[in-house]
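What follows is a set of notes on a single structure, which appears directly below.
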Amino acid sequence: MGISLKFDPQVFELKEEKVLTAQGEKTVVYKEYAHIPYVSKPVDIGYQSLNIHVPVSVDGVNVDPSHMPMLILIGIGGYTAIPNDPKLFRGPGPGGPGGPGGPGGPGGPGGDMGGIPMHAFPSIDKPFGDTYEKAGTDGGPKALAKGWVVVIPGVRGHDNQSADGRYYGKAPASIVDLKAVVRYLRYNRGIVPGDPEKIFASGGSAAGALASLMAVSGNYPWYEPYLKEIGAADERDDVFGCLSFCPITDLSHADGAYEWQYGGLKAESMFAPQPLEMDAEVTNTLAEQFRKYINGKGLKGKNGFGTISSDNLADYILKEYLVPSCERFLKEKDEGERTAYLSENPWIKWDGEKVEFSFEDFVVHCGRSKTQPAFDDKEMQMEPAIFGTEKVNGRHFTDFGLKYATGDPDAKVEDEVVQLENMMNAMYFLPGKADMAKHWWIRHGACDKDTSLPIITNLATALENAGANVNARLVWDGGHGADDDKFEMMDWIESVI
């Protein structure tokens, strides 16, 4: 039989939020529709349900959100699960038993599985926590103040594990769930307030990668069997726009890109008393793999730059991203602050209007944080966990990672894992494999060492080459999830709708 996917507009709680906007603080009254299953056959209803926030009034003036954009805020981190049901939340510590599953489904994880920090949980009392601020995705309250509809889904992740030890959130579960959210909103068009043809996917880090993936893989047939299995609505799952912050994407080439940028530097880790030496052979092998990859992509740089290759990629990133970012940063400082900063960073030459520096000096300025391989790590504690099975926590997803871990020079990743990595990789779908969002807002910290700059600039360039409207920028000296123009983003959304 399954759970009904019809939205009930009569069941809500009235809430109030103080929101800082470009025009000052505003009081937003909104309806919260909480814990609504978005599939009819959930594996775990505590994760496969969502909250919808519908504005009623702003500073006492009634608003009509019926034709307004819909903003999906993805709150996950590290490709781990994010619950929707508060009863399922567990922070660090022994915790309690797993929560109830859906019909015929497993229970939720018990104990400290997932280890989601309290500020990451979109609770009833605090629907927009610090996670959104840090990830640059705190547009939820500001969207409400604009009269837009905000959707906060729970999503399965690689750490979901039932009481009997079975994993049930490995790839492609998270992207399948998010596509099901879009289908639910379209299925209830005219009942759920908001325009389901103006859906924006928003997230930072792994959530930024998933938002990007949602926005390039619309209606692609690979996902259909998974969507049918969980009872997703028979609707489209393409979206109108994407707000992507520091997306951890293109995992099959992320290790090579990381070595291309950071090779030759020691890794400075909070877990090691001294910077760690890196293996030069690993660096050279992975960097060469990336050079072959970028040379084969044929990406065309903007502003007449021409074809991007391994020989000019650093020049392109410098010209179109790093120099403008640094100049913006310096021009926003007062004279004293600017003089002090330039004194501390003599590698930057400043003539009062323009800056000049080398890509190599910039990389040294930022430093390296990850060891080798940075993503398909030998111990399979990081991204390999995404590609596990019901019984196995993680699997290597690159030939190099598998060879490095096993010592077998002939080792090759299984075709099934290659397929799953493609299903989780926004770059795989560019250009033109599926229905793509036309409008993109991309932000990334210039010194974000959780991934490398080519991953971000390649994504932006591939989108531009595919005809998308892309607003992409680096935040100077910014780390992971840095964002410095939250009001500008809201104005940009208004301009594209």
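The structure displayed is predicted, hence computed values, not measured ones.
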**Study point:** Any donor-acceptor N or O pair under 3.5 Å, side chains Ser212, Thr249
**Key:** no
Review point. By ring-ring contact (aromatic ring centres under 6.0 Å, His included), which residues pair with Phe387, not counting sequence neighbours?
Key: Phe397
Check your understanding: Just checking, any donor-acceptor pair under 3.5 angstrom between side chains of Asn295 and Ser310?
Key -> yes
Exercise for review: Go through the side-chain N and O atoms of Asn84 and Asn51 and say whether any donor and acceptor fall under 3.5 Å apart.
Suggested key: yes
Check your understanding: Cut-off 3.5 Å, side chains only: do His439 and Asn471 have a donor facing an acceptor?
Key -> no
Check your understanding: Which pairs pass disulfide (SG to SG under 2.5 Å) with one or both residues in residues 361-421, sequence neighbours excluded?
Key -> Cys366-Cys447
Check your understanding: So which of Lys438, Lys302, Lys300 actually passes salt bridge (charged side-chain N to carboxylate O under 4.0 Å, His left out) with Glu464?
Key -> Lys302
**Study point:** Test: Lys403 and Asp376 ion pair at under 4.0 Å
**Key:** no
**Study point:** Donor + acceptor pair across side chains of Glu268, Ser369 (<3.5 Å)
**Key:** no
Check your understanding: Pick from Leu243, Ile74, Val150: which one makes a side chain to side chain contact (heavy atoms under 4.5 Å, CB included) with Ser202?
Key -> Leu243
Point to revise | Partners meeting salt bridge (charged side-chain N to carboxylate O under 4.0 Å, His left out) with Asp238 (sequence neighbours left out) | key: Arg186, Arg236
Review point. What are the two closest heavy atoms between Pro172 and Leu420, and how far apart are they?
Key: CD-CD2, 3.8 Å
Check your understanding: Between Phe429 and Trp222, what is the ring plane arrangement, given parallel below 30°, perpendicular above 60°, and tilted in between?
Key -> perpendicular
Exercise for review: Take the angle between the ring planes of Trp441 and Trp492 and call it parallel below 30°, perpendicular above 60°, tilted in between.
Suggested key: tilted
Check your understanding: Under the 3.5 angstrom rule, does the side chain of Asn188 hit a backbone N or O of Leu5 as a donor-acceptor pair?
Key -> yes
Review point. Is it true that Glu235 and Lys179 have a side-chain N and a carboxylate O under 4.0 angstrom from each other?
Key: no
Exercise for review: Check the angle between the aromatic planes of Phe362 and His365 and answer parallel, tilted or perpendicular using the 30° and 60° thresholds.
Suggested key: tilted
Check your understanding: Going by atom types alone, do Asp44 and Tyr168 pair a side-chain donor with an acceptor below 3.5 Å?
Key -> yes
Review point. Do other residues, nucleotides or ligands put more than 12 heavy atoms under 6.0 Å from the CD atom of Glu229?
Key: no
Review point. Angle class for the Phe359/Trp260 ring planes (parallel below 30°, perpendicular above 60°, tilted otherwise)?
Key: tilted
Exercise for review: Taking only Lys NZ, Arg NE, NH1 and NH2, and the carboxylate oxygens of Asp or Glu, determine whether Glu259 and Arg368 approach each other closer than 4.0 Å.
Suggested key: yes
